[in-house]
Amino acid sequence: MGVSKIHTHAQRVTVDAATARAIRRRLLAWFDRHARDLPWRRRGSDPYAQLLAELMLHQTQVATVIPYYERFIVRFPTVAALASADIDEILALWSGLGYYRRARLLHAAARKIVADFQGQVPRSVDALMTLPGVGRYTAGAVASIAFDVRAPIVDGNVMRVLARLFADAGDPSTPEVQRRLWARAEALVPRRRCGAFNQALMDLGGSPCVPVAPDCPACPLMPYCAAWAEGLTDRIPPARRRAKVRTAAVTVAALRRGERLLFVRRADDGLWGGLWELPTEPVGESESPTDARARLRKRLPVGARLATATDLRVKRLLSHRRVTFHVYEGRLNSHSIPSALDGQPARLAAREKLAELGISRACKAILTRIGWL
DNA sequence: AAGGCGGGGTG
DNA sequence: CACCCAGCCTT
């Protein structure tokens with residue numbers, strides 16, 4: 001018994017036809033009773049709404065996405081509306097949601113749909129996958145939910161459900177196990193109601209088939225779950241190895257001109273790409289914030305006054321980084337208001353205009369800390 | 001194959 | 001803290 005036994009199992013990819021039918025029937029019946037009422041499900045046949053929701057849902061929880069989706073779909077109700085929008089306004093609406101590259105990819109996808117697909121979201125998985133930001137999962141989700149195309153999907157939730165259903169204790173991050181999971185999803189997805197079936201699999205992973213302490217008696221698939229039968233639900237799937245969290249420090253210049261603050265737009269690539277922020281300068285390894293502050297000072301407009309010391313610290317924890325901001329306050333006189341800093345667009349902004357700028361939670365925390373918000 | 005990319009929820 | 005989340009892209 002135990003881990004050694006798990007690996008002696010040949011990993012099945014299919015079940016017999018009768019079992020497959022029973023699994024589909026039970027799962028769909030469960031979905032009919034327990035499906036969550038989500039805003040994008042009310043537009044189930046609108047492929048643009050599904051595409052938008054799926055992009056927002058990447059690595060992001062449903063409850064977090066809902067208010068963002070609601071604002072976004074009102075402001076940009078169609079592919080055409082989004083395609084012709086300004087990226088700054090898109091990022092402003094995306095502010096706080098994270099993974100900001102998604103917003104840029106979504107914009108690019110909308111423009112490609114207009115340019116290459118006559119403004120209509122394509123129906124096939126292969127065509128969908130040509131869109132920026134759309135991989136196998138998202139393509140399958142949009143195709144099956146919006147167009148009722150029989151396509152499998154495997155995301156984090158479905159991965160867990162299928163790994164348990166087949167008692168597959170392999171590491172889901174490996175290509176071999178990934179292939180098995182997709183093969184199982186492919187074999188199970190029905191021809192009719194495939195979109196509902198896929199959403200049911202995801203809902204099941206949301207509850208009751210949660211990562212820790214799943215509520216198996218509430219699961220419609222318990223009679224068919226191999227992990228349940230073997231008492232392995234707490235070990236399947238194995239926990240994912242995580243990248244180590246590294247620490248980083250940056251200095252920040254909070255420069256006021258009256259009630260306004262100086263903002264700079266970050267480069268499109270990398271962390272918080274394309275968002276606006278207060279001017280920053282990274283603190284190198286084996287360097288003090290004071291050293292970085294001196295470099296920061298040199299980049300600022302002539303006539304800017306910047307404090308030489310600060311006690312203001314703001315800490316933020318990202319998934320892969322722990323960042324400490326050392327915030328130096330200062331002032332700009334009327335002769336030192338730039339439109340660019342090191343080639344990046346710069347502008348003064350009043351509180352009332354902040355909603356027009358895409359900014360990160362970290363930046364917002366800094367603005368709050370200095371008493372500006 | 002591995003790392004980068006945000007932010008929030010939960011125990 | 002640890003671990004997770006309706007992934008994808010780059011190197």
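Chain A is the first sequence line, chain B the second, and so forth, proteins listed ahead of strands; every chain is numbered from 1. Treat the numbers as computed from the prediction; the structure is a model and nothing was measured.
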Does a nitrogen or oxygen in the side chain of A:Gln59 sit under 4.0 Å from OP1 or OP2 of C:dG7?
yes
Taking everything shown except A:Arg295 itself, do over 12 heavy atoms lie less than 6.0 Å from its CZ?
yes
Is any side-chain N or O of A:Tyr100 closer than 4.0 Å to OP1 or OP2 of B:dG7?
yes
Is A:Arg160 reaching over with its side chain to a backbone N or O of A:Gly206, donor-acceptor style, under 3.5 angstrom?
no
A:Arg240 vs B:dG3: side-chain N/O to OP1/OP2 distance below 4.0 Å:
no
Side-chain N or O of A:Arg321 versus OP1/OP2 of B:dC5: is the shortest distance under 4.0 Å?
yes
Across the strands shown, which category fits A:Leu38 at heavy-atom distances under 4.0 angstrom: base, sugar-phosphate, nothing?
base
Any side-chain N or O of A:Trp94 less than 4.0 Å from the OP1 or OP2 oxygen of B:dG6?
no
Return no unless some side-chain N or O of A:Arg322 is found under 4.0 Å from OP1 or OP2 of B:dG6.
no
Of the nucleotides C:dC5, B:dG7, C:dC9, which one has an atom closest to the side chain of A:Arg101?
C:dC9
Determine whether any donor atom in the side chain of A:Ser319 lies under 3.5 Å from an acceptor atom in the base of B:dG6, or the reverse, and answer yes or no.
yes
Using the C1' atom as the point on both nucleotides, what is the distance between C:dC9 and B:dG8, in whole Å?
23 Å
Using only side-chain N and O atoms of A:Arg361, determine if any of them is under 4.0 Å from OP1 or OP2 of B:dG8.
yes
Establish, for the pair A:Arg71 and A:Tyr69, whether the NZ or CZ atom is under 6.0 angstrom from the six-membered ring centre and no further than 45 degrees off its axis.
no
Any A:His58 side-chain N or O less than 4.0 Å from OP1/OP2 of C:dA6
no
Out of C:dC3, C:dA6, C:dG7, which nucleotide sits closest to the side chain of A:Tyr99?
C:dG7
Check this for me: does the side-chain of A:Thr60 come within 3.5 Å of the base of B:dG6 through a donor and an acceptor?
yes
From C-beta outward on A:Pro211, which listed nucleotide comes closest to its side chain: C:dC9, C:dC4, C:dA6?
C:dC4
